[in-house]
Amino acid sequence: MSSARALFIERGYHATSISDICGHAGLTRGAFYSNYRSKEDLFLALYDTETDRILANLERVVHNDADGRHPAARVLELLAERRRDDEQWFLASMEFTLHAGRNPDIAVELAPREDRLNAGLAQILADLLQDATADDCRDIAMLVTALHEGITAQEIIHGAPAAAFRERIIPRVLNAITTA
């Protein structure tokens, strides 16, 4: 899977073929198809891995109180961290999301994975926001995800001005919705 992830990051979802993946990983097509039904199936497996990584990182920063800061501040910092690899995965993921938007069968496969990410974030928020209802936490999780994805897209295009916007707006929005 790491070979496929590297190719999706380097070339994008559509520009990466199964032949490319097999060649890069040293697999035969038969070996590929013994593990995955399609390129979409492989990408969804990678999406699951990325979701696990994101949720594990969020859990880690929420429960690491060694620095004395509020857990929400640590979550915001984690969301603000941008690595080149994250940006490239974001592009491949958005490309796949658009692909799913045009292919209802793939959208049906992607939706529960996005739901799992939002549910995991909602649970983390519930741990942080004791006064918030479960519905509130689900709504806030979806809003934070939408903000994060939208601002990430802006950062990729506009660079530093969008990054500064992220630093200003996400804390304000979270403060507004958690104190309302």
>> side-chain contact (heavy atoms from CB on, under 4.5 Å) for Glu109 and Asp105? Distances and angles first, verdict last.
In response: CA-CA 7 Å; Glu109 295 285 328; Asp105 292 342; over 6 Å; no
> Under the ring pair (Phe, Tyr, Trp, His ring centres under 6.0 Å) criterion, do Tyr47 and Phe43 qualify, and how do the steps go?
Replying inline: CA-CA 6 Å; Tyr47 192 96; Phe43 195 91; 7.1 Å; no
> Can you list the steps and then say if Thr51 with Arg113 is a side-chain contact (heavy atoms from CB on, under 4.5 Å)?
Replying inline: CA-CA 8 Å; Thr51 297; Arg113 288 165 165 89; 5.5 Å; no
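Note that CG of Leu147 and CZ of Phe165 are 7.5 Å apart. Values are rounded to the nearest 0.5 Å. The line from NE2 of His24 to OG of Ser2 is 8.5 Å long, rounded to the nearest 0.5 Å. To the nearest 0.5 Å, the span separating CD1 on Ile54 from CG on Asn57 amounts to 8.0 Å. Between Thr145 atom OG1 and Ile140 atom CD1 the span is 11.5 Å, to the nearest 0.5 Å. Taking CG from Leu58 and CG from Leu125, the interatomic distance works out to 9.0 Å, rounded to the nearest 0.5 Å. Summarising the geometry, atom NE2 belonging to His158 is positioned 12.0 Å from atom CD1 belonging to Ile151; distances are rounded to the nearest 0.5 Å.
Residues Leu55 and Met142 do not share a hydrophobic cluster, clusters being chains of Ile/Leu/Val/Met/Phe/Trp/Tyr side chains in contact below 4.5 Å. Note on Leu98: it does not cluster hydrophobically with Leu46, by side-chain heavy-atom contacts below 4.5 Å among ILVMFWY residues. The cluster map of Ile, Leu, Val, Met, Phe, Trp and Tyr, joined by side-chain heavy atoms under 4.5 Å apart, puts Leu27 and Tyr33 in different clusters.
Scanning both residues, Cys22 and Phe32, for their nearest heavy atoms gives SG-CB, 3.6 Å. Between Ala132 and Cys137, the closest heavy-atom pair is CB-SG, 3.7 Å. Taking each heavy atom of Ala100 and Ala107 in turn, the nearest pair found is O-CB, 3.4 Å.
The environment of Met94 atom CE is dense: over 12 non-hydrogen atoms of other residues, nucleotides or ligands sit within 6.0 angstrom.
At least one side-chain heavy atom of Ile21 sits under 4.5 Å from a side-chain heavy atom of Thr16. Using a 4.5 Å heavy-atom threshold, the side chains of Trp89 and Glu50 count as touching. A heavy-atom distance below 4.5 Å is not found between the side chains of Leu44 and Tyr36.
A donor-acceptor contact under 3.5 angstrom links the side chains of Gln123 and Asp127, judged on distance only.
The side chain to side chain donor-acceptor pair (under 3.5 Å) pairs that include a residue from residues 90-102 are Glu40-His99, His99-Asn103, where partners are two or more places apart or lie in different chains.
With hydrogens and angles ignored, the 3.5 Å screen pairs a side-chain donor or acceptor of Arg116 with a backbone N or O of Asp48. Between the side chain of Asp41 and the main chain of Arg37, a donor-acceptor pair closer than 3.5 Å is present.
By the side chain to side chain contact (heavy atoms under 4.5 Å, CB included) test, Ala15 pairs with Arg11, sequence neighbours left out.
With respect to Lys39 and Asp20, no salt bridge is recorded, no charged nitrogen being found less than 4.0 Å from a carboxylate O.
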